[in-house]
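Down below is the structure, laid out as structure tokens.
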Protein chains: 2
Amino acid sequence: MPARIKDVAKRAGVSVATVSRVINGGKNVSDEAKEAVKNAVDELGYSPNYIARSLVTQKNNMIGVIVPDLTASFFSVILSSIEKETSENNYNILICNIEEDLDKEIKYLNLFKEMRVDGIIVMHEKADDRIINLMNEISIPIIFCSCVVPCVNATAIIINDFKASYDATKYLIDLGHRDIAFIGGDLRDTTSGKDRYDGYRKALEDNGINFNKEYVWFSDYKMKSGYNIMEEIIKSDKAPTAIYAVSDDMAVGALNCILDNGYKVPDDFSIMGFDGGMLIDSVRPKITSMQQPIREMGSIAIKTLLEHIETGSELPSQIVLKHKLIINDSCRKL
Amino acid sequence: MPARIKDVAKRAGVSVATVSRVINGGKNVSDEAKEAVKNAVDELGYSPNYIARSLVTQKNNMIGVIVPDLTASFFSVILSSIEKETSENNYNILICNIEEDLDKEIKYLNLFKEMRVDGIIVMHEKADDRIINLMNEISIPIIFCSCVVPCVNATAIIINDFKASYDATKYLIDLGHRDIAFIGGDLRDTTSGKDRYDGYRKALEDNGINFNKEYVWFSDYKMKSGYNIMEEIIKSDKAPTAIYAVSDDMAVGALNCILDNGYKVPDDFSIMGFDGGMLIDSVRPKITSMQQPIREMGSIAIKTLLEHIETGSELPSQIVLKHKLIINDSCRKL
DNA sequence: GTGAAAGCGCTAACAG
DNA sequence: CTGTTAGCGCTTTCAC
């Protein structure tokens, strides 16, 4: 069993209060006492019990993080920037991978509540009323990263998905494309699902291009889905000149499907992705993609959260970051 | 402030002990009492304080996880399988991304000790004496996943890296390659660094191929490094027919460099990767790679750990899993 | 500068 | 079946 504070006190010949003072900065302690305590700590290999301390200070320096898919590059990058920022500020993160399982999200939200975490960061693709209610009653500050949920005492870190998607589509239109297939996300997902779809449609409309329902597909952001949908597109009699997928993963899936079928990018099909993560540089041709400031989203999320926790600063309801088109080699001028 | 157990007790007209019993299974409680408590819990939105509970039960159901790079596909897959397994067993994971920073690893190891986590999973590429000493004195069970560190009370989940690397090299040799460049990891890293290098050399030796020092490069497993090293290889006057990289990421980096320089795979260069993760299927040509059972490594690590925690079962010093060559399209017969 | 003592919120004997 | 009570290990008044 690990040594306790009273063991250190006894060994150092002082009271537990003095030991506690030394451990927490050493104010108002004589140098001799300080010395004695330090020696005793070393000899006993003592380290304070975080749990007991949390109980009395009502603070545990923990941030709960909910993420839909740890293996998706987009989230893993956000996560790593969150981890970096928390670690530098002496906070720790408790990670839950929900895999689109709402029950699991609820379970973890409840756990975070029981754990009395100091804050929560949520990245997910959809939510239902149970989740929204739970978030409202939980009274722990929440930051949404790359998603929006109507909920009190929460901030959403997002880009303007509508505008970003509009700009991506417009870029293809400006290159001369009029037959642009759209591989979207889940429409229930406000930002990356619905907003990106709306941006696509509005860009078509503003440029006098008829909307063609058969060019539109919805899916789950994953590479495999992009591949499968592209297979359908190739099989169909409709032949778009450009494919716009709202995630890099789906764009790469589409790319591979095109290559596997003996077609060329961008000669036969142009491809536009979304996210602008490292994946777009790891394939050939490199993929043109609408970039979100991924690392920044994570770091701003956590900075906003920690500032709120430590200073009680007001949480803004949204922070909108800038998107940016990364032009690579997957789109050609018609 | 959240409701406490005594608030519930008062509201339900029972004692705190009864409330505690109801919360923890409800054995030995009358149905009326149970009802009253449940109602009070609902009305107050009560949830037990995890921290207080941990303090008295001396158990917090937390597993500390140390990972070198959250954004590397290899680790993110292991992590997700760890997360899945822990979540199903009502444990939670505390994640630390050390980014090859030994000081950070030490800091987190100490934190895990202070937190009294029930177990630790470590995936890292190198360690020094400070870390080994710390691990030995910490008296918390440790599982090493994909690495080995001499340390008591610990298990390593690994493949036979020497043999796997030997087999990978042998495959290239059997295809007729004799000029095989090797892009290795860090030699200080026993398994993925040294063992894989040794396997490569032994395969050459057993097949009567002279070892050529100029074909050997060491690096950090990352895609960018694979790219850079490949650039050097192309520039040099030595022209290997095959490139064997000990991570998929480096293999993909090499592939992209080859393509960017106008060469073809496998026509001009054959490429062999290591890990066999999802990355090998996301590029064209698909990469032939020596596969580790990645998800299995994570799940076996956590199963072994939890069993030890809950039953006190002996920790084996090693569990060696099977490797498997995944043959794709990046290697050709000479 | 230092120690005694009162909790933090909960569980687990121990009586009844 | 139920309540009382003694801690879990620590921090923090409050006296001295």
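Note on naming: letters A, B, ... go to the chains in the order of the sequence lines (proteins, then strands), and numbering restarts at 1 for each one. Since the structure is predicted, the reported quantities are computational estimates derived from the model, not experimental observations.
The side chain of Val29(A) lies closest to dT2(C) when the candidates are dC10(C), dC10(D), dT2(C). Of all nucleotides listed (dG1(C), dC8(C), dC10(C)), dG1(C) comes nearest to the side chain of Asn28(A). Closest contact between the side chain of Ala17(B) and the listed nucleotides dC10(D), dG3(D), dT11(C) involves dG3(D). Of the candidate nucleotides dT11(D), dG3(C), dC8(D), dT11(D) has the atom lying nearest to any side-chain atom of Asn24(A).
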Go through the steps to decide whether Lys104(B) and Glu83(A) satisfy the test salt bridge (charged side-chain N to carboxylate O under 4.0 Å, His left out), and finish with yes or no. CA-CA 12 Å; Lys104(B) 206 171 165 193; Glu83(A) 200 279 345; 2.9 Å; yes
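As a whole-Å value, the separation of Arg53(A) CZ from dC8(D) P is 19 Å. dG9(D) atom C1' lies 15 Å from atom CG of Leu44(A), rounded to whole Å. Put simply, CD on Glu114(A) is 10 Å from P on dC10(C), counting in whole angstrom units. Atom CG in Asp31(B) sits about 9 Å away from atom P in dT2(D), given to the nearest Å. As rounded to whole Å, 8 Å separates atom P of dC10(C) from atom CZ of Arg4(B). Across the protein-nucleic acid pair, Ile23(B) atom CD1 and dC10(C) atom P stand 8 Å apart, rounded to whole Å. A straight line from NZ of Lys10(A) to P of dG3(C) spans 15 Å, rounded to a whole angstrom. One interatomic measurement links the two molecules: CG of Leu55(A) to C1' of dG7(C), which rounds to 9 Å at whole-angstrom precision.
Salt-bridge check for Lys10(A) with Asp7(A): failed, with every basic side-chain N at 4.0 Å or more from each acidic carboxylate O.
Using a 4.0 Å cut-off, no side-chain N or O of Thr18(B) falls inside it from OP1 or OP2 of dT2(D). Dashed line: the shortest gap from a side-chain N or O of Ser20(B) to OP1 or OP2 of dT11(C) is under 4.0 Å. Between Ser30(B) and dT2(D), a side-chain N or O to OP1/OP2 separation shorter than 4.0 Å is present. Of the side-chain N and O atoms in Gln58(A), none sit less than 4.0 angstrom from OP1 or OP2 of dT11(D).
Residues Ile319(A) and Ile158(A) fail the side-chain proximity criterion, which asks for heavy atoms closer than 4.5 Å. Between Leu79(B) and Leu70(B), some side-chain heavy-atom pair lies under the 4.5 Å cut-off.
No donor-acceptor contact under 3.5 Å links the side chain of Arg116(A) to the base of dG9(C).
Residue whose closest nucleotide on DNA chain D sits further toward the 5' end, between Val19(A) and Gly13(B): Gly13(B). Heavy-atom nearest nucleotides on DNA chain C were determined for Val16(B) and for Ser15(A), and the one closer to the 5' end corresponds to Ser15(A).
Side-chain N/O atoms of Ser54(A) and Arg116(A) include no donor and acceptor closer than 3.5 Å.
Within 4.0 Å (heavy atoms only), Tyr46(A) reaches sugar-phosphate atoms of the nucleic acid but no base atom.
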